[in-house]
Amino acid sequence: MKRLSIGMRLALWYLAIFLLAEFVFGAGMWFILRKNLYDIADATLEGQAADLERFLEARKDVPTAQLQAEISEDYKIERSEDYLQISDAGGHFIYRSRFFDEHPLPTLSLIQLKKPRYEIRKLGKLPFRILSEKMDINGQFFIVQIGSTLDEEIETLDAFRKYLLMFAPVLLLAASVVGYWLSRKALAPVDALARTARTISGHNLGSRLEQLHTGDELQLLSDTLNEMLARIESAFLRVTEFTADASHELRTPIALIHTEAELALRRSRDECEYREALRHILLEADRTARLIEELLALARADSGSEALDIHPIDLLPTVRESAAKWNQVASLRNLQFEERSGTQPLTVMGDEHALRRVVDILLDNAFKYTPSPGKVTLSAEQKNGRAVVSVEDTGIGIASEDQTIIFERFYRVDKARSRALGGAGLGLAIAQWIVQLHKGSITVKSEPGNGSVFRVELPTITSTIHVDAESR
Ligand code: ADP
């Protein structure tokens with residue numbers, strides 16, 4: 001079933017609440033009016049009762065038979081329309097008006113009339129308000145019941161109800177129109193946002209939703225959506241740039257392999273020349289394979305599918321094994337290489353293979369960008385509860401404006417030089433990603449011409465326990 005729109009639901013809620021309020025208000029007013037009308041009727045009855053009491057007081061010593069005659073005379077002549085009945089303590093009638101003769105009222109005993117009693121009764125199809133009370137006239141008790149018709153009061157109440165019922169639908173209709181209009185007006189900006197959002201696709205990610213200045217939740221919504229669009233746009237741009245850069249990087253070695261093979265085949269050559277051509281082709285093929293491996297690592301990193309095998313490891317053996325490998329490279333390139341590591345284990349939560357890759361990337365760069373004679377130093381130690389691995393070289397250094405962007409994919413300070421050295425600008429991006437997955441940090445300190453220091457900091461297991469305990 002299709003759900004109603006928010007606008008429609010708001011309007012219906014408005015209508016329902018209005019209907020309830022109207023009902024409560026109408027019923028409340030009706031009851032108040034009725035109470036007031038009955039109060040007025042009661043006041044009249046009480047006045048009549050007071051008159052009668054005075055009348056009886058004036059005749060307190062008169063014998064019953066004479067009293068009967070006097071009341072009958074007085075009431076029958078002067079107040080022939082009255083509704084009155086008087087009886088003595090024994091329940092014998094002293095006076096009973098004609099109407100009550102025809103439509104008798106149930107008689108009450110003295111015990112039932114500790115307090116005056118007010119009631120509504122239907123007599124001869126007419127509604128009556130009846131006041132029953134006992135009167136103590138000089139020790140003689142009378143039970144007096146006086147009535148008054150409620151025709152006018154009921155007529156007034158009926159008219160009031162009629163008007164209420166007549167105006168209620170009109171008010172309700174007006175309320176539903178106003179409710180719908182209000183909800184449409186309140187939700188109009190949402191419609192506008194939805195319309196614009198529908199037009200945004202991969203081709204116009206630069207578009208933004210209309211900026212609202214209402215200072216309410218809708219402004220918060222449009223601002224939040226715009227911020228989200230900005231993030232999506234920059235991620236989209238990064239992916240597009242990455243794809244363009246990756247294709248470009250892949251095209252270069254393939255073009256080189258193609259040219260080399262083509263040149264070799266153009267005429268017949270001796271074995272030595274063929275060997276040289278094949279060596280070049282192999283070199284480019286190796287470079288391409290490495291590049292593809294790096295691209296795959298980054299693609300897996302982006303998709304989150306490259307799961308690291310993280311468990312407690314000692315970093316020292318990893319660092320030492322890497323150092324042993326790079327010792328040979330150092331002697332080949334005529335560079336000094338020193339490895340400084342403490343004796344205490346450096347236990348971290350990590351993936352051994354991935355962390356070795358970080359050390360290799362940093363050492364590879366240090367050797368690539370340090371001309372002979374120079375020195376590369378690898379150190380691993382524990383400082384302030386963190387494992388610190390640093391790679392220092394005396395090489396060409398990095399200008400301060402490049403120091404933050406060298407961690408971006410495909411960024412190379414000197415493109416030609418880096419490529420000639422076999423780099424595609426992906427090493428540091430991969431290293432940073434691995435370090436971040438280990439909740440660590442990677443930083444660089446460098447000066448052009450004065451070498452560089454790359455520093456990786458990782459939380460050690462003891463420090464993690466320490467931090468946990470502190471945060472508790
Ligand atoms: P590449 O494969 O080109 O070395 P990286 O991402 O590892 O890519 O490094 C990015 C760039 O940072 C390099 O091209 C180089 O310009 C600069 N760089 C990295 N390490 C060093 C270093 N130790 N000394 C000087 N420059 C460096």
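Atoms within a ligand are numbered from 1 in the order they appear, just like the ligands themselves. As the structure is a computational prediction, the values presented were derived from the model and not from experiment. Atom set for the values below is all heavy atoms of this structure, side chains included, hydrogens, waters and symmetry mates excluded.
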| Does the side chain of E392 pick up a donor-acceptor pair with the side chain of S390 at under 3.5 Å? | no
What I want to know is whether [X] and ligand 1 share at least one N or O pair that is separated by under 3.5 angstrom.
| X | value |
| --- | --- |
| D414 | no |
| L428 | yes |
| A429 | no |
| Y369 | yes |

Just which atoms of ligand 1 are under 4.0 Å from any heavy atom in [X]?
| X | answer |
| --- | --- |
| R412 | 3 (O), 14 (O) |
| G397 | 25 (C) |
| K368 | 1 (P), 2 (O), 4 (O) |
| V413 | 14 (O), 16 (O) |
| L426 | 6 (O), 8 (O) |

| F407 heavy atom under 4.0 Å from ligand 1 | no
| field | ligand 1 contact by R409, heavy-atom criterion under 4.0 angstrom | value | no
| query | Roughly how far, to the nearest 0.5 Å, is the CZ atom of R184 from the OG atom of S5? | reply | 6.5 Å
| remark: d(K162 NZ, L157 CG) to nearest 0.5 Å is 13.0 Å
| Once the angle between the rings of F367 and W326 is folded into 0 to 90°, is it parallel (under 30°), tilted (30 to 60°) or perpendicular (over 60°)? | parallel
| Option set D393, V376, I398, criterion heavy-atom distance to atom 26 (N) of ligand 1, minimum | I398
| remark: Paired with H438, the side-chain contact (heavy atoms from CB on, under 4.5 Å) test is passed by just one of V348, V358, I310, namely I310
| field | Top protein contact for atom 17 (C) of ligand 1, by heavy-atom distance | value | I406 CG2, 3.9 Å
| Side-chain contact, heavy-atom cut-off 4.5 Å: L171 with E22? | yes
| field | F410 and F242 aromatic centres sub-6.0 Å | value | yes
